[in-house]
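This report concerns only the one structure given below.
The sequence lines fix the lettering, A, B, ..., with proteins before strands; numbering per chain opens at 1.
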Amino acid sequence: MIFDGYKICVLSGFAGFTKMSGEIISKNISKNGGTIIPLPQARNQTSNLTLIIVPEQSDEKMILKVMNLTSLPSCPLVSPNWAINSTNSKTLHDPNDYQIKKTELPIKRQSPQTYQSPPQSPFEAYKTLPLVPLSNSPEMNRTQTNPILNQNNTRLHDDLLQNKDKYMFTKEQPNLNEHITSVLEILMENYFLLRDRGRGFAYRSAIIVLKSHPEKIICGDQVGNLQKVGKKIKKKIQEILETGTLKRVKAMDEQSRLKAIKEFSKIWGVGSATADKLFTLGYRTLDDLRKNIPQFLNDNQRICLELFDEIKERIPREEVKEISDQVVEYAKLLLPNKDIEANTCGSYRRGKETCGDIDILLTFDDVLENKLFLRELVDYLIEKKVVTHVLILSENCKKHESFTFEGIAKKPDGLHRRLDIKIYPRKYYAWALMHFTGSANFNRSIRLFAKNKGLKLTDEGLFPAIRSHGETICGGNLVECYTEEDIFRLFDMPYKPPEQRDL
DNA sequence: TGACAGCGGTA
DNA sequence: TACCGC
DNA sequence: GTCA
Ligand SMILES: O=c1ccn([C@H]2C[C@H](O)[C@@H](COP(=O)(O)OP(=O)(O)OP(=O)(O)O)O2)c(=O)[nH]1
Ligand SMILES: [Mg+2]
């Protein structure tokens, strides 16, 4: 193990080095024999540390502030690239070559290890092979396995680790038009709440286009002929650029009906229709609801009203990981002989600092033979006081292949948090991972792309879509994919890391 | 003038 | 089918 | 609201 004996503290979350990157590096160091010392402990025993990994762009002042120390520790400060390159090449690189500060290292230069050619990731191997072209041609509806994807890769992996170097430092392609989309999003939400689905869809489509636009729009004529942005929306953009807001939004803010509906619909299980009904019954605020709980609210809606103040809070990334780790630990305890692949998805996987909920994907073989597993896991989590409420516990009734839990969990002294667990058999891993990583708008976008090619993309695969009057009659699986890269390749698209799927 | 992603659960 | 949420 |  290349990092054997190394005690390393990883500082992240500043100077352009994200916490997610820090987590990935830490995970890799542990996997390769190193010991990660968390910051709180590291503070008290800096002399015990072999080295500290700090952001490439950090300086002394920032590091002192993050570590809450008055003077720099004696151990070397090393760039994350040291760990990345070492793990990638499976040889220990000399930390001296990666020092952030020029202080001489007490570490002695290691003699180079016996050379091993770095094992190519399956994805790398595909790179040199010809792409399988997509087409609408009728041959497509034959169930066929892609010979390229079929070659060697049956091993699942946490692609977060596999692709770390691909995106850890890749420049994010952030939404350059947030100044516009943030306003349009309010409009979109309002229209959906008012059940004006037409305008809701219109703004949603335009927002997706604007968020993907590689250029910041600062003047009206830059809009040009962006898809889905027609005369009316162009005018709205113009107004936003001039005034920073929209008269239409201001006017809507005055509507007491909309204001109340918006409030009510934040409760899990309460949508626009129920919210509207509540308003008609005379309710105006959440407190009105709490004082006099409407009879027609079901159990789940009541639970989520009760816990509203806690559930509404966003969850710090660290806590998402803690609860995930708990859930996964119990899952593995329950099926000790299974090789369970666990991924925390949703906004967590996309690298967000805070998340609306916790989305856990569990994958293993023979899900069908373990129909009762999710039920057992949930019972176990309830017993262990991790899960406090069950909202939905279901098995995919038609085929009994995938399973979903939606509920509420918390850590011992923590707030109540929304928790989703999904279980899929291995053959759906890549599709389910992509689905559950989102974002929802990213899914809409790529699914529409597939649809326009005569295909149907779901959490279970890519299928030929033979449609008659909106009905979809589909044949078998189009192609097996084992990694998200495989899926992007199928679409002939460059791989997009999760953090760039934030549409 | 229909579609705007595609799916499962609940009532 | 309407509604709701992932 | 926008597009095919
Ligand atoms: O309408 C939806 C909602 C969700 N998803 C997928 C993508 C999404 O990323 C994932 C998890 O859903 P969630 O509602 O938790 O969204 P999130 O992206 O994790 O954001 P948040 O931070 O609000 O949880 O499920 C969809 O495909 N369609
Ligand atoms: Mg989520």
(request) Would you tell me if any nitrogen or oxygen in the side chain of Thr274(A) comes within less than 4.0 Å of OP1 or OP2 on dC4(C)? (result) yes
(message) Just checking Phe192(A) against Tyr203(A), ring centres under 6.0 Å apart?
(response) no
(request) Would you indicate, yes or no, if dT2(D) has its OP1 or OP2 atom less than 4.0 angstrom from a side-chain nitrogen or oxygen of Lys234(A)? (result) no
(message) Check the phosphate of dG1(D) against Lys232(A), side-chain N and O only, distance under 4.0 Å to OP1 or OP2. Yes or no?
(response) yes
(request) Would you indicate what Ile267(A) reaches in the nucleic acid, counting non-hydrogen atoms under 4.0 angstrom: base, sugar-phosphate, or nothing? (result) sugar-phosphate
(request) Indicate, with a heavy-atom threshold strictly under 4.0 Å, whether Asn298(A) touches base, sugar-phosphate, or nothing. (result) nothing
(request) Would you tell me if any nitrogen or oxygen in the side chain of Ser394(A) comes within less than 4.0 Å of OP1 or OP2 on dG9(B)? (result) yes
(message) Classify Glu406(A) by what it touches in the nucleic acid, base, sugar-phosphate, or nothing, heavy-atom distance under 4.0 Å.
(response) sugar-phosphate
(request) Select base, sugar-phosphate, or nothing to describe what Glu395(A) touches, counting heavy atoms under 4.0 Å on all strands. (result) sugar-phosphate
(request) Scan Tyr191(A) against the nucleic acid and name what it touches under 4.0 Å (heavy atoms): base, sugar-phosphate only, or nothing. (result) nothing
(request) Mind checking Ser445(A) for me? I need base, sugar-phosphate or nothing, with any heavy atom below 4.0 Å counting as a touch. (result) nothing
(message) Counting the atoms with a prime plus P, OP1 and OP2 as sugar-phosphate, which does Gly198(A) contact under 4.0 Å by heavy atoms, base, sugar-phosphate, or nothing?
(response) base
(message) Looking only at the side chain of Ile233(A) (C-beta and beyond, no hydrogens), which of the listed nucleotides dC7(B), dT2(D), dA5(B) gets closest?
(response) dT2(D)
(request) For Ala440(A) and for Ile392(A), locate the closest nucleotide of DNA chain B by heavy-atom distance; then report the residue assigned to the nucleotide nearer the 5' terminus. (result) Ala440(A)
(request) Using the C1' atoms only, state how far dT1(B) lies from dC3(C), rounded to an integer number of Å. (result) 26 Å
(request) Select base, sugar-phosphate, or nothing to describe what Leu457(A) touches, counting heavy atoms under 4.0 Å on all strands. (result) sugar-phosphate
(message) Of the listed nucleotides (dG5(C), dG1(D), dC3(C)), which one gets closest to any side-chain atom of Arg195(A)?
(response) dC3(C)
(request) Considering just the side-chain nitrogens and oxygens of Arg197(A), establish if one lies under 4.0 Å of OP1 or OP2 belonging to dA3(B). (result) no
(message) Please pick, from dC6(C), dG1(D), dC7(B), the nucleotide with the shortest atom-to-atom distance to any side-chain atom of Lys422(A).
(response) dC6(C)
(request) Any chance you could lay out the salt bridge (charged side-chain N to carboxylate O under 4.0 Å, His left out) test for Arg417(A) and Glu322(A), step after step, and finish with the verdict? (result) CA-CA 12 Å; Arg417(A) 310 296 198 182; Glu322(A) 287 175 54; over 6 Å; no
(message) Between the side chains of Arg375(A) and Asp379(A), is the shortest nitrogen-to-carboxylate-oxygen separation below 4.0 Å, so that they form an ion pair?
(response) no
(request) Report the nucleotide, chosen from dC4(B), dC7(B), dA4(D), that has the shortest atom-to-atom distance to any side-chain atom of Lys456(A). (result) dC7(B)
(message) Using OP1 and OP2 only, check whether a side-chain N or O of Lys451(A) sits under 4.0 Å from dG6(B).
(response) yes
(request) Could you list the residues that satisfy ring-ring contact (aromatic ring centres under 6.0 Å, His included) with Phe373(A), not counting sequence neighbours? (result) Phe364(A)
(request) Kindly write out the residues that satisfy salt bridge (Lys or Arg N to Asp or Glu O under 4.0 Å) with Asp357(A), not counting sequence neighbours, or none if the list is empty. (result) none
(request) Could you check whether Ser402(A) gets within reach of a base, just the sugar-phosphate, or nothing at all, counting any heavy atom under 4.0 Å? (result) nothing
(message) I want to check one thing: is the phosphate of dA5(B), taken as OP1 and OP2, less than 4.0 Å away from some side-chain N or O of Arg447(A)?
(response) no
